[in-house]
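Reviewing the structure listed below.
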Protein chains: 2
Amino acid sequence: MLDERKKRVLQAIVEEYIQTAEPVSSNAIMNCEGLECSSATIRNEMAELEKMGYLEKPHTSAGRVPSAKGYRYYVDELLQEDKITLEEIKYISEKLENKVNQIEEITQIASSTISEITHYTTVAIGPSTNEQIIENIKFVLLNSRMMMAVILTDTGLVKETIIKFDEDITENQVQTLSYMFNNKLKGQPITKIDKPLEKYLVDEMSYSVNLIKPIIEQMKKVVEEESIHLEGATKLLELPEFNSLEVAKNFVNILDEKELMADMLNTGFAQDINVYIGEENEKEELKDFSIVTFKHRIGNKDLGTIGIIGPKRMDYAKVISVMKYISKKLNGNDNNKSE
Amino acid sequence: MLDERKKRVLQAIVEEYIQTAEPVSSNAIMNCEGLECSSATIRNEMAELEKMGYLEKPHTSAGRVPSAKGYRYYVDELLQEDKITLEEIKYISEKLENKVNQIEEITQIASSTISEITHYTTVAIGPSTNEQIIENIKFVLLNSRMMMAVILTDTGLVKETIIKFDEDITENQVQTLSYMFNNKLKGQPITKIDKPLEKYLVDEMSYSVNLIKPIIEQMKKVVEEESIHLEGATKLLELPEFNSLEVAKNFVNILDEKELMADMLNTGFAQDINVYIGEENEKEELKDFSIVTFKHRIGNKDLGTIGIIGPKRMDYAKVISVMKYISKKLNGNDNNKSE
DNA sequence: TTTAGCACTCATATATGTTGATTGCTAATT
DNA sequence: AATTAGCAATCAACATATATGAGTGCTAAA
C-alpha cells in the first residue's frame, strides 16, 4: 500500500507525463497540489516508488517515467473520471441520436465520435455473426442470372449479397428456394448455412447443384466476413513518441492487420470497460500501446465492440470517461439528463 | 531534340535511379549498353543534359537525378514496354478470370492485383454513378418498419440500402411503391432520384411524406456515395525516399483524404493510360509522387478508375506495361493468347 | 523528517576533423 | 573535333572530441 504522499507523487508524474511525453523531474512536480515540499523530498519518494516498480528511469540523469505497473495503479486507484466536458457530452448526444436507425452503422458512428474527441485511433468491429439467429431470408431476382440474398438476424443485423448463376433462373425457382431456405433456417444460428445444408438440399431435395452451390457459398462468405472499421488512423502519428520512423511504420503496419485488430477486440471482457496497458496486451506487437475496449450490447445481445488504441501514456481519465459515457448511452441505461 | 548518345545517357540514369534511389554518377553508367566511352565523356553529356533541364544535381559532389522533364522524356520516348513477365501475365489472368461475376468487385480485384505485382499503392474508385441509367428498382419488406431498396443500373451496378420508417408499412404498400418508383425511374439517369421526385410523389400522387421522404433520402445517399478502395497503403513506406518521417506522414495523410483520391482519379483522360509525374499533378500534395491511371470501361460505359501512386522514380516501364495489360484484359479487347 | 548543497552522470548539442565519392576543368591523345 | 586521362575542388556523411545542463543521489545540517 502506498502512503498518501507517494500516491500524490505518482499521480503527478503520470499526469505530467501524459501531457508532456517527457520524463518528469522532481522539480517539475514540486508545486503540484498537495505536494508542498522540496524537490529533494520528492526525489526520495521517487527513488522508493522506483524500487517498488511504479516508476522507471530512461537513464541516470533523466526524470522518471511511469512503468506499466505505475499506469495500472493510476488507472485503478488514482484516476478521476470527470474529464468529459459539457460540450463533449452535447456533441456525443447529437452524433448518436441523429442516426439511431442504422443498426450496423451505430457502432461505427460511436467509434468515430470517440476518435474525434480523444484524438486517438479507434477500431470498431461488428457483432460476431456466428452467435446470431436467422430471423428471415429474402431472395430477390435481379435479372435472369442474378439474385440478391438478404439475411435478417435477431439482432437486427442485415447482410446482403449478390449471387450469380451460370444458368438462367426464373421467378418461380426463386420463390420455392426462398420457401425452402426459410423453412430450414429460420430460428437457426447463422452458422447453419454450411456444406451439410448444401448437401441436404441437393441430395435429399434434389435441387440442382448449379443453383444451390453458389447460393450457399456466397451467403456463407458474406456471413463470415468481419467488418472492421478504423477511425483516425493517422492521429497517433502526430504524437511525439511516433517521431521515430521505426515506431510509426510499425504502427501503420499493425493497423493494416485486420486479424490482429479483431483479436485485440475480442479478448477478455471481465469488466464493462477493459484497459490493457502496454505489456498487458497479449500480442507482442501491441506492447508499446495501451488499449481500452468496451462491448456494445443490449441485454445480452452482442452488437459489436469498440476499441481505442493509443500510446501507453494515453489520457486514461479522458478516454475512460468518454468510453463510459458512450457505453452508457449506447447500451440504453442512460439516465443522464444531458440537455 | 536529343542526339542518340544523350538519349542513352538519360535512359541509363533514369533506369539506374529507379532501381537504386541514389544519385547516379558518371562511373555507374559507364558500362551500360551502348555507352562505350569514358566517364569523362559521360560527364560532359550529363552537364549538357542538366543545362537542358533533363537532369538535376542534389549538390556539387553528388551524381545526377532525373528532373520531372527527364522522367517525362523517358516515359514518352525511351520507355520499353515489355517489362511484364510470363508469370505475371499468368497471375493476372488467374486473378481476373476467377471472379468475373462480381461487377463491383472486379475493379477492386484488378487494383489489388496491380498493387501486388508492382509493389506500389493503388486506388480504385467505382463508376461515377450519376451517369448511369436505372434499369430496375426492387423493394423488399424486411419487417414492419424496415425495407430494403435495391437499385440496378445498366452497367450492372447494384446498390442496396436499408430504409427505416417511423410507422408500420404493409406488403401492399411496398408493392405499389415498387410499381410507382419503377414507373417513374426505369430508363432514367440515377440522378433523377431527387427532391423534385419526392415532391411529385407526395404532392401529385398523394403518398405520405413519412413514407416517401426516407426512401428518397436514403436512396439518394447511397447512390451518391463514392466507394474508394485502397490497396497496399503501407507498401510505399518501405521505399528509401520515405525514410524521412516528414514524407512518410505526409503520404499516409494523403491516402486518408478520400476526396483528394477521388479527384486524383477523375482528372483528365486524354489517353487510355495517363501518367502524371511529380509537379505535373494538379494537387500540391501530390507533387512528390507520380500517378498512373486508367479507366475501366466497356464500350463507352464507365466501370471505374484505377490509379497507382508511387514515387517519382517509379518503375514506369513495369507499371505501364502491367496497366496496359490489365486494361486490355478488363476492357475486353484481349487478343492476347496468354495460355 | 525535511532540505540545502554539491559531486556525479549522461543525453543532447555543437564544433571540428576526416573520408570518399563525384564533379568540372585542363591538357594530352586519338 | 571529339575523346579521355589526370587532378584539384567540392561537399555530404561519418566520426570524434568538447561543452552544456538537466537531473539524480548522497551527505550533512536544520
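Protein chains get the first letters and strands the later ones, always in sequence-line order, with residue 1 at the start of each. It should be emphasised that the depicted structure is a prediction, and the values quoted were computed from it without experimental measurement.
Proximity of B/Arg64 to the phosphate of C/dG24: a side-chain N or O atom is located under 4.0 Å from OP1 or OP2. For A/Thr41, no side-chain nitrogen or oxygen approaches OP1 or OP2 of C/dT2 to under 4.0 Å. Using a 4.0 Å cut-off, no side-chain N or O of B/Thr60 falls inside it from OP1 or OP2 of D/dA9.
In this structure, A/Leu35 atom CG and C/dT2 atom C1' are separated by 14 Å, rounded to whole Å. What separates CD of A/Glu56 from C1' of D/dT24 is a distance of 17 Å, to the nearest Å. Nucleotide C/dT22 holds its P atom 19 Å from the CD atom of B/Glu45, rounded to whole Å. A/Asp3 places its CG atom 13 Å from the C1' atom of C/dT1, with the value rounded to the nearest Å. C/dG24 atom P lies 13 Å from atom CD1 of B/Ile42, rounded to whole Å. C/dT22 atom C1' lies 13 Å from atom CD of B/Glu50, rounded to whole Å. Counting to the nearest Å, the P atom of D/dA22 and the NZ atom of A/Lys57 are 18 Å from each other. A straight line from CD1 of A/Ile29 to P of D/dT24 spans 9 Å, rounded to a whole angstrom.
Here the CG-CD distance, from A/Leu286 to A/Glu279, works out to 11.5 Å after rounding to the nearest 0.5 Å.
With D/dT24, C/dG24, C/dT23 as the candidates, the nucleotide lying closest to the side chain of A/Met46 is D/dT24. For B/Ser61, taking side-chain heavy atoms from C-beta onward, the closest of the listed nucleotides C/dG24, C/dT22, D/dG25 is C/dT22. Checking C/dT3, C/dC10, D/dT10 against every side-chain atom of A/Asn44, the shortest atom distance belongs to C/dT3. When the nucleotides C/dC25, D/dA12, D/dT4 are ranked by their closest atom to the side chain of B/Ser38, D/dT4 comes out on top. Across C/dC10, C/dA4, C/dT23, the shortest atom-to-atom separation from the side chain of A/His59 is found for C/dC10.
Proximity of B/Thr293 to B/Ile308: side-chain heavy atoms (C-beta onward) are nowhere separated by under 4.5 Å.
In this structure, A/Tyr71 and A/Tyr17 have tilted ring planes: the angle between them lies in the 30° to 60° band. Between B/Phe289 and B/Phe251, the two ring planes are tilted [angle within 30° to 60°].
If A/Arg43 and B/Ser39 are placed on DNA chain D by their nearest nucleotide, the residue sitting closer to the 5' end is B/Ser39.
Between the side chains of B/Ser290 and B/Tyr316, at least one donor N or O lies within less than 3.5 Å of an accepting N or O.
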